[in-house]
Each structure stands twice: as C-alpha cells, then as structure tokens.
Amino acid sequence: MSDQSDTLNAAETGGIQKVFEALSSAPRRKILAYLAHSSLTAGEIADRFDMSKPSISQHLNVLEGAGLVEKEKRGQYVHYSIVQESLANTLNSYVQEVCPVSRPLKKESATIAKTQDENRD
C-alpha cells in the first residue's frame, strides 16, 4: 500500500510541478489571458506576440501538458481553449484580475469574442 501512496504522491507532485512551470512564463500567462473568453487558433495567438510560431507552439505544448489548455482540430485548424475546470486556471483567473498586465489582455479577448459573435449573427 505504501508503494501506491508513493506513486500517487509522485504523480500529484509532477502535475503540480508542470502547472507551476507553465505559469512561470509571462508569455504563457498572456496566452491564458487571451484564451479567457474564446478559443483561438495557434496562428491567431501568434499574431498577438512578437515571437516565432514554433516558439508559440512550444508554449502551447507546455500549457497543454500541464492541463491548462486543450486543443481541438476543426477542419485544417487547431483551436486552443482554456480548461475552465482546472483549479490552476481558476487561481490564474483570480490572479489575472489583480494583475495590471493581464487585465487589458482579458478585456481585449472579451471584445474580440463579442465582435466574432456579432459577425456570426
């Protein structure tokens, strides 16, 4: 039974470690802020940053590996969205409300989502 407990604790610690590593990066926190209100393709995310698409892809892989974002293939595009049920995302959302850098990004994301919804109607 001790072996099972040790394995479970190692898995939990590894998961927590991945979340903290994912959230330790400013670009990844910004990506989460952009995904707060709508899903985006990797290209749409990359357009908002001054870095290469492979770098954005690497950041998205880290976020996905930590369970903070999920991807869904729609046609020829892969759409990324935040995993709302994740405790880490809940805490990140709370922190972003008081973070002066993330607040404008979340507002921008909400405006874009609203515009997209209006264009669909």
Side-chain angles (χ1 to χ4, degrees):
M1 186 138 197
S2 177
D3 289 341
Q4 283 182 326
S5 297
D6 291 344
T7 302
L8 181 60
N9 288 337
E12 288 174 354
T13 303
I16 291 169
Q17 182 68 25
K18 285 182 180 181
V19 168
F20 280 111
E21 286 174 5
L23 295 176
S24 70
S25 163
R28 289 193 285 268
R29 289 191 306 271
K30 287 180 181 180
I31 289 170
L32 290 173
Y34 282 128
L35 294 173
H37 296 286
S38 68
S39 67
L40 297 169
T41 65
E44 290 170 329
I45 294 168
D47 289 343
R48 299 171 185 208
F49 288 89
D50 187 24
M51 67 175 69
S52 70
K53 288 186 179 183
S55 293
I56 292 294
S57 180
Q58 186 176 10
H59 285 300
L60 288 167
N61 286 336
V62 170
L63 290 168
E64 185 181 17
L68 299 174
V69 300
E70 58 190 2
K71 63 183 176 183
E72 177 186 355
K73 184 138 172 85
R74 296 184 208 158
Q76 63 184 15
Y77 297 101
V78 175
H79 290 255
Y80 289 86
S81 58
I82 198 163
V83 178
Q84 295 292 346
E85 302 80 29
S86 167
L87 174 60
N89 278 331
T90 302
L91 294 173
N92 183 49
S93 293
Y94 171 76
V95 170
Q96 286 182 1
E97 289 303 316
V98 297
C99 176
V101 173
S102 294
R103 218 173 307 138
L105 300 178
K106 286 182 76 174
K107 186 175 181 179
E108 177 186 340
S109 178
T111 302
I112 291 169
K114 183 178 178 183
T115 303
Q116 289 174 341
D117 287 343
E118 289 171 355
N119 288 339
R120 285 186 206 131
D121 295 335

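Position 1 is the first residue of the sequence, and the numbers go up from there.
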Does CD belonging to Q58 count more than 12 external heavy atoms closer than 6.0 Å?
no

Report yes or no: do Y34 and M51 belong to one cluster of Ile/Leu/Val/Met/Phe/Trp/Tyr joined by side chain heavy-atom distances under 4.5 Å?
yes

Short side-chain to backbone donor-acceptor contact, T111 and K107, under 3.5 Å:
yes

Taking atom CG of L35 and atom CG of L63, what is their separation to the nearest 0.5 Å?
8.0 Å

Taking all heavy atoms of A113 and all of H37, pick out the closest pair and write down the distance.
CB-O, 3.9 Å

hydrophobic_cluster_shared for I45 and I112, side chain cutoff 4.5 Å
no

So, taking the atom named NZ in K30 and the one named OG in S109, what distance separates them when rounded to the nearest 0.5 Å?
14.5 Å

Heavy-atom pair with the smallest gap, counting every atom of L60 and A42
CD1-CB, 4.0 Å

I need the minimum non-hydrogen distance between Q84 and I82, along with the two atoms involved.
NE2-CG2, 2.9 Å

Would you say the side-chain atoms of R29 pair up with the backbone N or O of L23, donor to acceptor, closer than 3.5 Å?
yes

Measure across S39 and R74 and return the closest heavy-atom pair with its distance rounded to 0.1 Å.
OG-NH2, 3.5 Å

Close side-chain approach of F49 and I31, heavy atoms under 4.5 Å
yes

Measuring only between side-chain heavy atoms, which start at C-beta, is R48 closer than 4.5 Å to E108?
yes

Rounded distance [0.5 Å steps], CD1 in I56 versus CG in D47:
9.5 Å

Hey, could you give me the NE2/OH distance between H59 and Y80, rounded to the nearest 0.5 Å?
13.0 Å

Least distance between heavy atoms, A66 atom then A22 atom
CB-CB, 3.8 Å

Testing the basics here: between E70 and V83, what is the closest heavy-atom pair and its distance to 0.1 Å?
N-CG2, 3.9 Å

What about L32 and V62, same hydrophobic cluster or not, with Ile/Leu/Val/Met/Phe/Trp/Tyr joined at side-chain heavy-atom distances under 4.5 Å?
no

